[in-house]
Participant: 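Pasting a structure below so you can have a look.
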Amino acid sequence: MGAIQAIRGTRDILPEEVVYWQQVEAIARTVLGRAAYHEIRVPIFEATELFERGIGEATDVVGKEMYTFTDRGDRSITLRPEFTAGIVRSLIEHSLYAGGVQRLWATGPVFRYERPQAGRQRQFHQLDVEILGSADPRADVEVIALATDFLQALGLKNLRMDLNSVGTLGDRQRYRDALVEYFTPYKAELDADSQDRLGRNPLRILDSKDARTQEIVADAPSLLAYLSDDSQRRFAQVQQGLTGVGIAYQINSRLVRGLDYYTHTAFEIQSDDLGAQATVCGGGRYDGLVAQLGGPDTPAIGWGLGLERLILLLKELQPAAAATVDIYVVSRGDRAEAQATQVAQTLRHSGFAVEIDLSGSAFGKQFKRADRSGAAACLILGDAEAEAGTVQIKWLASGDQEQVNQDQLGAIAPDLRQRIAHSRT
RNA sequence: GCGAGCGUAGCCAAGAGGUUAAGGCAGCGGGUUGUGGUCCCGCCAUUCGUGGGUUCGAGUCCCAUCGUUCGCCCCA
């Protein structure tokens, strides 16, 4: 023992799994690109204050989940727990808002100090999408459609979307007061967590899992009743827009998301196949955040999507695609081995995926490995071939074998390519 | 931060106080020193996450610790 292990809550993504990640990233680029979104890359750590001010001191994310440390210059640094705050900081710092509506996306690791469990780690990855500078309900629809398009392009099914409006900060404050008034007489009957939430974040009581609390919640005032006329009209427009582009959703008036900055539209996409951590994608509108962080009044909406959870779902859907090798090169003897290196290079330059056997062991063993590599063809170089400047090409499926001059390999590349493709079908 | 389960080789896994720590997969070597996918043989844990304790004796019991899994909280 004594071997160093990955830190708790972090993990290695091994080659076999990376295939899924690459697939997800490729599809994200396609879907986002064709909606005219641009990638932005922001730092992995920021001043702690950014998150405290942006996400809200009262939230769990800031209160107990941040990876915060002091650097050598005595600054308080925090590993980003989400993307939005950093993107907004960047927008302000570079005056991107001056260029009109900004459609941005980002991906990479984010960090939250929590107990790991199914679908949850301390370092995980998100895909993040934001549209900044528009208050138009069509922006809400566009961004949500991007999430469903992306998930659909990956072939995921059995997802459901909850939609809600949390109104303006004012609407929410009035609702919050109403809730406190409603719950206070029941305080003793609420579960312990909810009693605590009554003072801190009464909206959270609404989705308590405790049975008795839920009985009390059943008669609690509804958030929708506290929305201003304007907020209600907005919410209706978003719903019409979603219906118009054929996106299914259900209204969930208890959907209140964790971060303080949300206004109006809030939504969440969930799956039943993820255990307790069912949320794959969550987001909403945050009209006040840019101003709160010192920028000009800039309405915005966006979402974050958990890539680990997504890949968990993807793995159930499709088996891992084996990485393919076209040609496996087998050689024995000093001269042959030297030539094999050159031949492999030539073939790679012609575009083939070529793996070379470095073992120097008996041909029999090398053939065994050739077979297991999944290669379509095997190139053989021994003393005889080295002497003659030739190479044997053996087709592993049929066992057929032919001889080619080494300097002809470039010329027959198109033919080889065709036959390799053919042998795979 | 709280609760519960688990921790034997690269992977899966038997073993439930007495002893040579089964077996399978993968890997490596050989049968076959230039021809694979089958087959046969051999090798692959002085040791059971770590530390301490109980006992004549512990992988098997107890304690602690670390890791891991699932759940709570919360979220992606």
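Please read all numbers here as calculations on a predicted model, not as lab measurements. Lettering of chains follows the sequences in order, A, B, ..., and the numbering in each one begins at 1.
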Participant: Pairs in or reaching into residues 273-285 of chain A: which pass salt bridge (Lys or Arg N to Asp or Glu O under 4.0 Å), with residues at least two apart or in two chains?
Facilitator: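 Qualifying pairs: A:D140-A:R285, A:R285-A:D287.
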Participant: Taking any strand in view, what nucleotide pairs with B:A22 in a Watson-Crick or G-U wobble way, both distances under 3.5 Å?
Facilitator: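 Partner of B:A22: none.
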Participant: Whole Å only: how far is the CE atom of A:M161 from the P atom of B:A76?
Facilitator: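 One finds 16 Å between P of B:A76 and CE of A:M161, rounded.
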Participant: Sequence neighbours left out, what passes salt bridge (Lys or Arg N to Asp or Glu O under 4.0 Å) with A:D128? Give chain and number order.
Facilitator: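 Residues passing salt bridge (Lys or Arg N to Asp or Glu O under 4.0 Å) with A:D128: none at all.
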Participant: Pick the C1' atom in B:G37 and in B:G18, then give their distance to the nearest Å.
Facilitator: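 One C1' to the other, the span is 47 Å.
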Participant: Would you name the heavy atoms of A:V143 and A:G302 that are closest together and state the gap between them?
Facilitator: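 Minimum heavy-atom contact is CG1-CA, 4.3 Å.
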Participant: Separation of A:I55 atom CD1 from B:C74 atom P, in whole Å?
Facilitator: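 From A:I55 CD1 to B:C74 P: 17 Å.
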Participant: Quickly work out the A:I205 CD1 to B:C74 P distance and round it to whole Å.
Facilitator: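 After rounding, the gap between these two atoms is 10 Å.
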Participant: Give one of base, sugar-phosphate or nothing for A:R8, where a contact means two heavy atoms less than 4.0 Å apart.
Facilitator: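 Contact class for A:R8: base.
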Participant: Using atom C1' in both nucleotides, what's the gap between B:G15 and B:C61 to the nearest angstrom?
Facilitator: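 After rounding to an integer number of Å, I get 16 Å for this pair.
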Participant: Hey, what do you get for CE (A:M161) to CG (A:L255), rounding to the nearest 0.5 Å?
Facilitator: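 CG of A:L255 is found 10.5 Å from CE of A:M161.
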Participant: Expressed in angstrom and rounded to an integer, what is the separation of A:D357 atom CG from B:G27 atom C1'?
Facilitator: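 Interatomic distance, CG of A:D357 to C1' of B:G27: 14 Å.
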Participant: Would you measure the distance from the P atom in B:G10 across to the matching atom in B:C6 and give it in whole Å?
Facilitator: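 Those two atoms are separated by 23 Å.
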Participant: Round to a whole Å and report the spacing from CD of A:Q5 to C1' of B:U65.
Facilitator: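 To the nearest whole Å, that distance equals 14 Å.
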Participant: Taking RNA chain B as the partner, which of residues 190-199 of chain A come within under 4.0 angstrom of it by heavy atom?
Facilitator: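 A:D193, A:R197, in order of number.
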Participant: If you measure from the Lys or Arg side-chain nitrogens to the Asp or Glu carboxylate oxygens, is any gap between A:R112 and A:E82 under 4.0 Å?
Facilitator: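 No salt bridge links A:R112 with A:E82.
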Participant: Work out how far the P atom of B:C73 is from that of B:U60, and round it to whole angstrom.
Facilitator: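 Roughly 36 Å separates the two P atoms.
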Participant: Going by heavy atoms closer than 4.0 Å, what residues in residues 276-289 of chain A are next to RNA chain B?
Facilitator: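 Going residue by residue through residues 276-289 of chain A, the ones with a heavy atom under 4.0 Å of RNA chain B turn out to be A:A276, A:Q277, A:T279, A:V280, A:C281, A:G282.
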Participant: How long is the span from the CG atom in A:L227 to the OG1 atom in A:T168, to the nearest 0.5 Å?
Facilitator: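 Here the rounded value is 8.0 Å.
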Participant: From CG of A:D60 over to P of B:C73, roughly how many Å is that when rounded to an integer?
Facilitator: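 Atom-to-atom, A:D60 to B:C73, this comes out as 11 Å.
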Participant: Side-chain contact test, heavy atoms from C-beta onward, threshold under 4.5 Å: evaluate it for A:Y175 versus A:V166 and give yes or no.
Facilitator: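 A:Y175 does not reach A:V166 side chain to side chain.
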Participant: Check the side chains of A:T213 and A:D191 for a donor-acceptor pair under 3.5 angstrom, ignoring hydrogens and angles.
Facilitator: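 Indeed, the side chains of A:D191 and A:T213 share at least one donor-acceptor pair under 3.5 Å.
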Participant: So, A:R176 and A:E181, do they make that salt bridge, N to O below 4.0 Å?
Facilitator: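 Salt bridge: no.
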Participant: Which pairs pass salt bridge (Lys or Arg N to Asp or Glu O under 4.0 Å) with one or both residues in residues 27-40 of chain A, sequence neighbours excluded?
Facilitator: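 Output for this query lists A:R29-A:E39, A:E39-A:R41.
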Participant: Could you tell me how far B:A58 sits from B:C41 if I compare only their C1' atoms? Round to whole Å.
Facilitator: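 My reading of the C1' atoms in B:C41 and B:A58 gives 36 Å.
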Participant: Go ahead and name the base partner of B:U35; Watson-Crick or wobble counts if both distances stay under 3.5 Å, otherwise write none.
Facilitator: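 None - no nucleotide pairs with B:U35, as no candidate has both distances under 3.5 Å.
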Participant: According to the Watson-Crick and G-U wobble definitions, with both distances under 3.5 Å, which nucleotide is paired to B:C2?
Facilitator: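 Partner of B:C2: B:G71.
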Participant: Which protein N or O atoms sit under 3.5 Å from an N or O of nucleotides 6-10 of chain B?
Facilitator:
none

Participant: Under a 4.0 Å heavy-atom cut-off, which of residues 104-124 of chain A touch RNA chain B?
Facilitator: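 Residues of residues 104-124 of chain A under 4.0 Å from RNA chain B: A:R112, A:E114, A:R115, A:Q117, A:A118, A:G119, A:R120, A:Q121, A:F124.
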Participant: With sequence neighbours excluded, what pairs up with A:F83 under the ring-ring contact (aromatic ring centres under 6.0 Å, His included) test?
Facilitator: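 Not a single residue meets the ring-ring contact (aromatic ring centres under 6.0 Å, His included) criterion with A:F83.
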Participant: Counting only heavy atoms not in A:Y67 (residues, nucleotides, ligands), do more than 12 fall under 6.0 Å from its OH?
Facilitator: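 It does: A:Y67 OH has more than 12 such atoms within range.
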Participant: Taking atom types as modelled, is there a side-chain donor on A:S194 or A:R197 under 3.5 Å from an acceptor on the other?
Facilitator: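 Short answer, yes.
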Participant: Write down the distance separating the C1' atoms in B:U38 and B:G5, rounded off to the nearest Å.
Facilitator: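 Looking at atom C1' only, B:U38 and B:G5 are 43 Å apart.
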Participant: Within this structure, what is the CD-CG distance for the pair A:E337 and A:L358, rounded to the nearest 0.5 Å?
Facilitator: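 Answer for the CD-CG pair, A:E337 versus A:L358, is 9.0 Å.
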Participant: Hydrogens and angles aside, do A:N405 and A:T390 bring a side-chain donor and acceptor to less than 3.5 Å of each other?
Facilitator: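 A:N405 vs A:T390: no donor-acceptor pair found between side chains.
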Participant: Searching all strands shown, indicate the nucleotide that pairs with B:G7 (Watson-Crick or G-U wobble; both distances under 3.5 Å).
Facilitator: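 Check on B:G7: paired to B:C66, both distances under 3.5 Å.
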Participant: Does a side chain donor of either A:D357 or A:S359 reach within less than 3.5 Å of an acceptor in the other side chain?
Facilitator: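 Indeed, the side chains of A:D357 and A:S359 share at least one donor-acceptor pair under 3.5 Å.
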Participant: With sequence neighbours excluded, give me every ring pair (Phe, Tyr, Trp, His ring centres under 6.0 Å) pair touching residues 127-148 of chain A.
Facilitator: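 Checked against ring pair (Phe, Tyr, Trp, His ring centres under 6.0 Å) - neighbours excluded - no pair reaches residues 127-148 of chain A.
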Participant: Kindly state which residues belonging to residues 301-309 of chain A come within less than 4.0 angstrom of RNA chain B, counting heavy atoms of the residue only, listed by number.
Facilitator: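 Contacts with RNA chain B under 4.0 Å: A:G304, A:G306, A:R309.
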Participant: Using the C1' atom as the point on both nucleotides, what is the distance between B:C28 and B:G17, in whole Å?
Facilitator: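 Going atom to atom, C1' in each nucleotide, I get 37 Å.
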Participant: According to the Watson-Crick and G-U wobble definitions, with both distances under 3.5 Å, which nucleotide is paired to B:C44?
Facilitator: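 The base-pairing partner of B:C44, which may sit in any strand shown, does not exist here.
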Participant: If a protein heavy atom is under 4.0 Å from the base, mark B; if only from the sugar-phosphate, S; if neither, -; do that for nucleotides 31-44 of chain B going 5' to 3'.
Facilitator: --SBBBB-------
Participant: Any chance the side chains of A:Q23 and A:E25 put a donor and an acceptor closer than 3.5 Å?
Facilitator: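 No pair is found: no donor N or O on one side chain lies under 3.5 Å from an acceptor on the other.
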Participant: Provide the Watson-Crick or G-U wobble partner of B:G59, both distances under 3.5 Å; none if there is no partner.
Facilitator: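 The answer is none; no pair meets the criterion.
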Participant: Test your reading of the model: is there a side-chain donor-acceptor pair from A:E385 to the backbone of A:G382, 3.5 Å cut-off?
Facilitator: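 A pair under 3.5 Å: yes.
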Participant: Between A:S361 and A:R369, is any side-chain donor less than 3.5 angstrom from a side-chain acceptor?
Facilitator: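 Present: a donor and an acceptor within the cut-off.
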Participant: Considering only atom C1', compute the distance from B:A9 to B:G49 and round it to an integer number of Å.
Facilitator: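 The answer is 14 Å between these two C1' atoms.
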Participant: Let me know the distance between CZ of A:R204 and C1' of B:C72, rounded to the nearest Å.
Facilitator: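 That distance rounds to 14 Å.
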Participant: Could you pull out all residues at least two apart from A:E93 that satisfy salt bridge (Lys or Arg N to Asp or Glu O under 4.0 Å)?
Facilitator: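 Salt bridge (Lys or Arg N to Asp or Glu O under 4.0 Å) list for A:E93, sorted by chain: A:R89.
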Participant: Just how far, in rounded Å, is P of B:C75 from CZ of A:F83?
Facilitator: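 Going from A:F83 (CZ) to B:C75 (P), I get 19 Å.
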